Amino acid sequence: MLMNKKKSFIIRHRFLLVSLLCLFGVCVVAQVKPAAGQQKKVEKKSDDSAKNKKGTAKKKPVDKRKRVDLLHADEAQADKLLRPDVQVLIGSVKLRHDSMYMYCDSALIYEKTNSVEAFSNVRMEQGDTLFIYGDYLNYNGETQLAMLRENVKLINRKTTLTTDSLNYDRLYNLGYYFEGGTLTDEENILTSDWGEYSPATKIAVFNHEVKLANPRFTLYSDTLKYSTDSKIATILGPSNIVNEKNHIYSERGFYNTAKDQAQLLDRSVLTNEGKKLVADSLFYDRKTGYGEAFYNVVMNDTINKNMLTGDYCFYNELTESALATQKAVAIDYSQGDSLFMHADTLKMNSYFVKTDSAYREMKAYHKVRIFRKDIQGVCDSLLFSSKDSCLRMYHDPIIWNEKQQLLGEEINVYMNDSTIDWAHIINQALTVEQKDSIHYNQISGKEIKAYFQGGEARKIDVIGNVLVIYYPEEKDSTMIGMNTSETSLLNLHLMNRKMEKMVMSPKSNGTLYPMDQIPVDKMKLPTFVWFDYIRPQNKEDIFNWRGKKSGETLRKTTRKPVTSPKRELNKLN
């Protein structure tokens with residue numbers, strides 16, 4: 001509909017031109033006509049061609065710097081009675097206004113308004129860098145505004161702008177379209193409903209239904225600024241940058257389309273194969289797969305159901321490695337209740353990526369603190385490897401489960417489908433169960449191995465220099481005394497978190513003290529310490545590091561752990 005109106009507009013002007021030509025053909029007053037046998041060409045008019053006659057009013061001369069000059073036309077006609085300020089130019093028309101040259105097949109020059117209408121094969125040239133083409137031109141020499149319509153093309157070096165309606169303001173050196181257009185350079189193709197382009201600054205601004213098409217990605221936006229010189233797109237509104245592997249959402253930021261680098265602000269989002277990275281600001285290099293995030297960072301892996309937060313994170317999607325620091329927290333929400341782990345630094349590395357031997361390692365250091373409703377832990381450093389599904393805790397590790405406390409020089413927890421399979425406490429092993437404020441079940445040894453089913457301990461082996469303090473109970477859970485024993489190997493069998501059977505090798509009769517006759521110096525083993533003051537109380541408390549008191553840290557030994565037989569389910573029976 002709009003296109004038809006434009007064509008009607010041009011046809012009406014052409015009809016007017018034909019009518020004028022017919023009218024000029026029958027008029028003899030002031031008609032410009034070359035002599036017979038001469039070529040019908042008109043060259044540039046002399047400034048002295050119209051001299052003032054005696055008694056006539058003087059006309060204010062037109063400023064040469066602002067006047068639209070005729071340089072050439074095959075034929076020029078005018079009717080000084082009907083339209084004294086109009087010249088009709090036909091054939092190979094060439095005009096000039098300042099440094100801008102204009103070409104067309106035919107034109108009308110309006111002297112009073114110092115303006116031009118040009119028809120067919122319209123071309124504007126400024127220097128050797130700016131060329132504008134179209135089917136119709138309306139140019140005002142006073143305002144220096146050119147309005148081009150139909151099949152418009154603006155070429156500025158290696159940048160091309162195509163549209164059907166373009167206004168070019170020479171004063172501001174700015175061209176803008178408002179009915180859809182396309183800008184193309186060496187890197188990208190940009191389309192939008194409305195846009196503007198400055199040949200001087202090489203800056204383009206686009207609004208409404210903006211699309212930037214690049215061989216490696218596509219950017220969709222509401223408002224976008226783009227430099228054809230630097231190839232940097234400035235995001236000024238809701239925008240999506242997509243390719244086959246990832247998706248970026250941002251409302252403010254910068255994207256270098258030549259280098260494939262993004263600097264994004266205002267909680268921008270990077271999504272990649274089930275992983276979502278959100279932060280106050282993001283840097284992303286698509287070529288290297290490297291991303292950095294700053295402040296209030298959240299990296300969520302919806303496939304493996306874990307999350308990484310902090311004030312600084314980086315992720316490399318090619319090597320599948322990540323790091324978080326500054327209030328870094330790893331969150332596992334695969335088991336219903338979420339597990340929160342904080343450390344000074346959290347790091348993940350992947351090995352043999354995209355092979356059958358691929359595995360990952362997650363490291364936490366230093367001042368590691370762990371909280372979940374049913375389990376808490378602390379240590380100086382931690383390592384989890386998917387290769388053997390083992391969680392290794394180093395340097396004064398401690399684990400709590402309800403009223404149970406486990407500690408040693410090193411604690412290894414082996415997982416099976418995200419649930420604990422068995423645990424190995426190496427060197428200076430100690431397990432403590434709190435009965436009340438002064439009574440504790442205690443077992444110490446060189447090593448402790450605990451085997452689990454359904455998340456509950458079913459069998460515990462204590463190996464080497466075993467010392468036991470145990471409070472047997474009545475059926476109503478009333479303690480009947482305190483038993484002390486010593487042996488080389490202790491096997492405990494449990495059900496519903498209560499001991500069913502205890503086997504000592506070699507057998508030890510031990511000593512049973514009635515509750516009212518327990519010697520105070522016998523109530524605690526030599527290595528007993530209850531570290532409840534270190535224990536994380538909630539997920540916010542993981543940020544509050546509390547170290548062991550002086551003299552309560554373990555002195556590391558050089559003894560190697562005893563090699564144990566393979567884990568067998570029948571051991572639990």
Side-chain angles (χ1 to χ4, degrees), residues 335-337 372-377 398-408 413 419-425 429-445 447-532 535 537 567-573:
Q335 298 299 306
D337 287 337
R372 194 169 68 185
K373 289 181 180 180
D374 61 339
I375 190 169
Q376 300 83 44
I398 309 172
I399 294 178
W400 294 269
N401 173 238
E402 296 185 353
K403 295 184 178 182
Q404 296 276 351
Q405 171 188 280
L406 295 170
L407 61 89
V413 180
T419 60
I420 186 170
D421 187 34
W422 69 287
H424 189 188
I425 305 172
L430 173 68
T431 175
V432 178
E433 179 187 15
Q434 185 182 42
K435 305 298 291 183
D436 55 34
S437 60
I438 60 173
H439 300 99
Y440 299 87
N441 287 334
Q442 306 159 55
I443 303 175
S444 68
E447 297 179 55
I448 295 178
K449 297 181 180 181
Y451 303 95
F452 294 77
Q453 275 190 347
E456 291 188 5
R458 294 289 304 278
K459 184 174 183 289
I460 297 176
D461 296 334
V462 185
I463 306 167
N465 300 334
V466 180
L467 300 176
V468 179
I469 292 179
Y470 177 69
Y471 293 87
E473 296 178 349
E474 298 284 2
K475 291 184 178 180
D476 61 358
S477 299
T478 301
M479 293 182 289
I480 61 177
M482 185 187 80
N483 181 279
T484 61
S485 302
E486 184 176 350
T487 186
S488 297
L489 176 64
L490 173 66
N491 303 118
L492 299 175
H493 297 265
L494 303 96
M495 181 63 69
N496 298 324
R497 299 183 180 179
K498 291 186 178 181
M499 186 177 66
E500 286 189 329
K501 184 172 63 173
M502 177 187 294
V503 179
M504 295 185 180
S505 302
K507 186 176 180 180
S508 174
N509 293 326
T511 302
L512 178 63
Y513 297 95
M515 291 300 296
D516 58 352
Q517 299 178 25
I518 300 175
V520 176
D521 61 340
K522 299 289 186 180
M523 293 181 67
K524 296 179 180 178
L525 294 178
T527 58
F528 170 84
V529 182
W530 183 245
F531 288 112
D532 196 50
R535 186 177 191 173
Q537 300 301 311
R567 163 87 161 87
E568 296 178 3
L569 288 176
N570 58 15
K571 285 189 175 185
L572 304 182
N573 300 323

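Being a predicted model, the structure only gives us computed values, none of them experimental.
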Would the distance check show the side chain of [X] and the main-chain N or O of [Y] forming a donor-acceptor pair, the cut-off being under 3.5 Å?
| X | Y | answer |
| --- | --- | --- |
| T487 | P506 | yes |
| E433 | Y470 | no |
| D374 | E402 | no |
| Q376 | R372 | yes |

Pairwise side-chain contact, [X] with [Y], heavy-atom cut-off 4.5 Å (strictly under):
| X | Y | value |
| --- | --- | --- |
| V432 | F531 | no |
| L490 | S485 | no |
| K522 | T511 | no |
| V462 | T431 | no |
| R458 | H493 | no |
| Q405 | Y440 | no |
| D436 | M479 | yes |
| V413 | I399 | yes |

Shortest non-hydrogen separation from [X] to [Y] and the atoms involved:
| X | Y | value |
| --- | --- | --- |
| V529 | L430 | N-CD2, 4.1 Å |
| I448 | A429 | CG1-CB, 3.5 Å |
| I443 | L492 | CD1-CD1, 3.4 Å |
| G481 | L512 | C-CD1, 4.1 Å |
| S508 | M504 | CB-SD, 3.7 Å |
| Q537 | D532 | NE2-O, 4.1 Å |

*Look at atom NZ of K403 and say whether more than 12 heavy atoms of other residues, nucleotides or ligands are closer to it than 6.0 Å.*
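No, NZ of K403 has 12 or fewer neighbouring heavy atoms, counting only those of other groups under 6.0 Å.
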State the [atom1]-[atom2] distance between [X] and [Y], to the nearest 0.5 angstrom.
| X | Y | atom1 | atom2 | answer |
| --- | --- | --- | --- | --- |
| T484 | M523 | OG1 | CE | 12.5 Å |
| N465 | I463 | CG | CD1 | 11.5 Å |
| K524 | Q442 | NZ | CD | 8.0 Å |

*Passing candidate, side chain to side chain contact (heavy atoms under 4.5 Å, CB included) with Y451, options D421, L494, I420, D461*: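 Looking at D421, L494, I420, D461, the match for Y451 under the side chain to side chain contact (heavy atoms under 4.5 Å, CB included) is D461.
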*asked:* Against H439, only a single residue in W530, Y471, F528 fulfils ring pair (Phe, Tyr, Trp, His ring centres under 6.0 Å); can you say which?
replied: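 Between H439 and the candidates, ring pair (Phe, Tyr, Trp, His ring centres under 6.0 Å) is satisfied uniquely by Y471.
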